[in-house]
2 protein chains.
Amino acid sequence: IIELKNIFKIYTLGKTKLYALNGVDLSIQKSDYLALMGPSGSGKSTLMNIIGALDTASSGTYILNQQEINQLNDNDLAQIRNKEIGFVFQSFNLLPRMTAIENVAIPLIYAGISKTERLERAEKALNSVGLSDRMSHKPNELSGGQRQRVAIARSLINNPSIILADEPTGNLDSKSSADIMNIFAEINEQGNTVVMVTHEEDIAQNAKRIVRMRDGKIENLYENRR
Amino acid sequence: IIELKNIFKIYTLGKTKLYALNGVDLSIQKSDYLALMGPSGSGKSTLMNIIGALDTASSGTYILNQQEINQLNDNDLAQIRNKEIGFVFQSFNLLPRMTAIENVAIPLIYAGISKTERLERAEKALNSVGLSDRMSHKPNELSGGQRQRVAIARSLINNPSIILADEPTGNLDSKSSADIMNIFAEINEQGNTVVMVTHEEDIAQNAKRIVRMRDGKIENLYENRR
Ligand SMILES: Nc1ncnc2c1ncn2[C@@H]1O[C@H](COP(=O)(O)OP(=O)(O)OP(=O)(O)O)[C@@H](O)[C@H]1O
Ligand SMILES: Nc1ncnc2c1ncn2[C@@H]1O[C@H](COP(=O)(O)OP(=O)(O)OP(=O)(O)O)[C@@H](O)[C@H]1O
Ligand SMILES: [Mg+2]
Ligand SMILES: [Mg+2]
């Protein structure tokens with residue numbers, strides 16, 4: 001369902017060109033569970049942003065669910081981002097002046113859900129990540145790992161068919177990490193696709209396949225025998 | 001050099017009182033190397049902020065280098081924060097409109113160092129964390145792990161005698177993490193004190209002592225036999 005061919009992402013700073021992605025080919029099937037690993041700065045977040053339709057490649061093709069992404073108009077793209085894809089950002093990107101429950105409910109506004117149902121579903125999502133007693137806290141009244149879990153809850157709220165999680169356990173202790181891995185396993189067993197960036201080998205072991213990047217390219221890709 | 005006795009940190013939200021720190025006693029000697037671990041929300045960052053004189057306790061005493069912290073005036077506190085203590089924040093706290101080298105040089109402005117020397121020293125610090133080719137990038141032109149390394153470089157620039165690092169390798173791959181652990185080991189061998197929050201057992205193994213927190217209290221504390 002995700003087909004990336006010869007993807008380049010080039011930044012121009014003054015006279016230098018920086019190849020954040022330097023010719024990436026990647027195929028992801030429905031209900032795949034991929035761990036994306038690699039050194040700091042190797043292009044993982046850049047690749048995730050392109051897969052998530054949050055950024056466009058400088059060149060190459062991206063076919064998502066049989067549609068060429070750069071042929072779609074803004075409305076179609078927004079629809080995909082909101083309904084098909086759940087994104088957990090490496091730096092969470094929570095709205096600072098809204099509470100945890102309000103932050104989690106935001107994707108449902110776009111989906112046209114009533115306020116009562118939005119808050120009910122947001123409460124349920126926060127419960128599933130262990131934050132039922134932090135719902136009315138704003139981000140600056142939460143710990144780092146609590147903010148990360150709010151971001152995870154928000155990504156799940158629309159029941160997306162593709163979860164893209166960039167370092168979802170980077171600030172979590174082993175128990176909280178295990179809870180998140182259980183959630184992702186469950187989502188994947190229901191037929192959804194999970195792509196997760198991680199720098200921790202133990203976390204990567206939860207995936208079906210492990211893809212390693214280096215210097216803007218995919219270095220190797222192997223099945224994860226568990 | 002760090003003596004915390006019966007430290008409480010209480011937040012009042014509406015009618016509820018939240019005990020982020022619920023009676024903490026901790027002694028840290030000169031050239032100690034402590035790893036602080038515990039579940040998400042257990043009070044690690046709150047404790048670090050109090051040790052770093054960035055926040056004040058609701059009650060209890062904190063003696064730093066034989067001085068009771070809440071007896072000091074603002075000037076003395078600012079001096080300590082700038083010259084004695086290097087702080088790596090869990091969320092980095094870089095200034096978005098300045099480049100990496102400018103961000104790293106900031107603590108030296110307060111110290112009254114000339115601009116030429118500031119940029120020289122900042123360049124050296126960025127070099128030590130592997131970012132010599134990213135000096136003129138702004139934070140939004142850097143990867144998550146690169147921002148983390150800029151925050152680490154900034155904390156070291158004044159050669160502080162106490163390093164407080166909150167999840168310094170949360171976004172780093174194994175090679176970058178190893179580089180940071182080597183830097184901390186070196187600083188510690190020179191007689192400086194390191195306190196590091198981490199959720200990764202391998203990273204904690206670099207420390208001399210491991211302190212575990214739970215629900216705002218210290219649960220146990222043991223020597224790390226390496
Ligand atoms: N301003 C605030 N108002 C209310 N509660 C707060 C505030 N700041 C923090 N808290 C609460 O205090 C507790 C301790 O927070 P702290 O950031 O110290 O946790 P932590 O151990 O660093 O967690 P993590 O591993 O997730 O970073 C958390 O449960 C958090 O919700
Ligand atoms: N706007 C930009 N302008 C210039 N260079 C950029 C920009 N954004 C990212 N980069 C560079 O692109 C490279 C890839 O960045 P990316 O965020 O994808 O890395 P990453 O693999 O996610 O790293 P990390 O593990 O540290 O999060 C980095 O070297 C970074 O410096
Ligand atoms: Mg990244
Ligand atoms: Mg914390």
Side-chain angles (χ1 to χ4, degrees), chain A residues 11-14 16 18 20 37-46 48-49 89-92 94 99 129-131 133-150 166-167 169-177 179-180 197-203 212-214 216, chain B residues 11-14 16 18 20 37-46 48-49 89-92 94 99 129-131 133-150 166-167 169-177 179-180 197-203 212-214 216:
Chain A
Y11 293 108
T12 310
L13 296 166
T16 13
L18 198 154
M37 306 188 79
S40 176
S42 54
K44 307 180 293 299
S45 296
T46 306
M48 292 288 271
N49 289 337
F89 294 89
Q90 190 169 7
S91 50
F92 320 153
L94 302 179
T99 62
V129 295
L131 290 179
D133 58 353
R134 291 288 184 275
M135 294 201 283
S136 49
H137 285 231
K138 299 206 185 68
N140 69 340
E141 295 166 342
L142 293 171
S143 77
Q146 289 166 348
R147 287 175 208 155
Q148 187 156 37
R149 284 182 277 159
V150 174
D166 198 343
E167 293 282 357
T169 64
N171 284 286
L172 298 180
D173 58 285
S174 47
K175 161 123 197 358
S176 309
S177 297
D179 294 344
I180 299 307
V197 173
T198 182
H199 69 266
E200 291 180 66
E201 297 286 345
D202 313 353
I203 296 294
R212 293 192 194 267
M213 290 186 72
R214 181 174 292 280
Chain B
Y11 294 106
T12 310
L13 295 167
T16 12
L18 197 155
M37 307 188 78
S40 175
S42 55
K44 306 179 295 296
S45 296
T46 306
M48 292 288 272
N49 289 337
F89 293 89
Q90 191 169 6
S91 51
F92 320 154
L94 301 179
T99 63
V129 295
L131 290 178
D133 58 355
R134 291 288 185 275
M135 294 201 281
S136 48
H137 286 230
K138 298 206 186 68
N140 68 340
E141 296 166 338
L142 292 171
S143 77
Q146 289 166 347
R147 287 176 208 154
Q148 188 156 37
R149 283 181 276 159
V150 173
D166 198 343
E167 293 281 359
T169 64
N171 284 286
L172 298 180
D173 58 286
S174 47
K175 160 121 196 2
S176 310
S177 297
D179 293 343
I180 299 307
V197 173
T198 182
H199 69 265
E200 291 180 65
E201 297 285 345
D202 313 353
I203 296 294
R212 293 190 194 266
M213 289 187 74
R214 182 175 292 279

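Keep in mind that the numbers below use all heavy atoms, side chains included, and drop hydrogens, waters and symmetry copies. Convention: sequence-line order gives letters A, B, ...; per-chain numbering from 1.
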Subject >> Closest non-hydrogen atom pair, His199(A) against Leu172(B) >> reply: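 Looking at all heavy atoms of both residues, the shortest contact is CD2-O, 2.8 Å.
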**OP:** Might you point out which heavy atoms bring Gln90(B) and Asn171(A) nearest each other, and give the distance in Å?
**Re:** NE2-OD1, 3.0 Å
Subject >> Counterpart residues, salt bridge (Lys or Arg N to Asp or Glu O under 4.0 Å), relative to Glu201(A) (two or more places apart) >> reply: Arg212(A)
Subject >> With Lys138(A) via salt bridge (Lys or Arg N to Asp or Glu O under 4.0 Å) - residues at least two apart >> reply: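 Lys138(A) satisfies salt bridge (Lys or Arg N to Asp or Glu O under 4.0 Å) with no residue once adjacent residues are dropped.
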Original post:
Do Asp173(B) side-chain atoms and Ser40(A) backbone N/O form a donor-acceptor pair below 3.5 Å?
Top reply: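 Yes.
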Original post:
Side chain, backbone, both or neither: which part of Ser42(A) has a heavy atom under 4.5 Å from chain B?
Top reply: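 Looking at Ser42(A), nothing touches chain B.
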Original post:
Contact part of Leu18(A) toward chain B, heavy-atom cut-off under 4.5 Å: side chain, backbone, both or neither?
Top reply: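 Looking at Leu18(A), just its side chain touches chain B.
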Subject >> Option in Met37(A), Lys44(A), His137(A) with maximal non-hydrogen atom pairs under 4.5 Å from chain B >> reply: His137(A)
With a 4.5 angstrom heavy-atom cut-off, could you sort out which part of [X] is near chain A: side chain, backbone, both or neither?
X: Thr16(B); value: neither
X: Ser45(B); value: neither
X: Gln146(B); value: both
X: Glu141(B); value: side chain

Subject >> Atom pair OG/CD of Ser177(B) and Glu200(A) - distance to nearest 0.5 Å >> reply: 9.0 Å
**OP:** Mind ranking Ser176(B), Gly41(B), Gly130(B) by heavy-atom pairs under 4.5 Å with chain A and telling me who comes out on top?
**Re:**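 Heavy-atom pair counts peak at Gly41(B).
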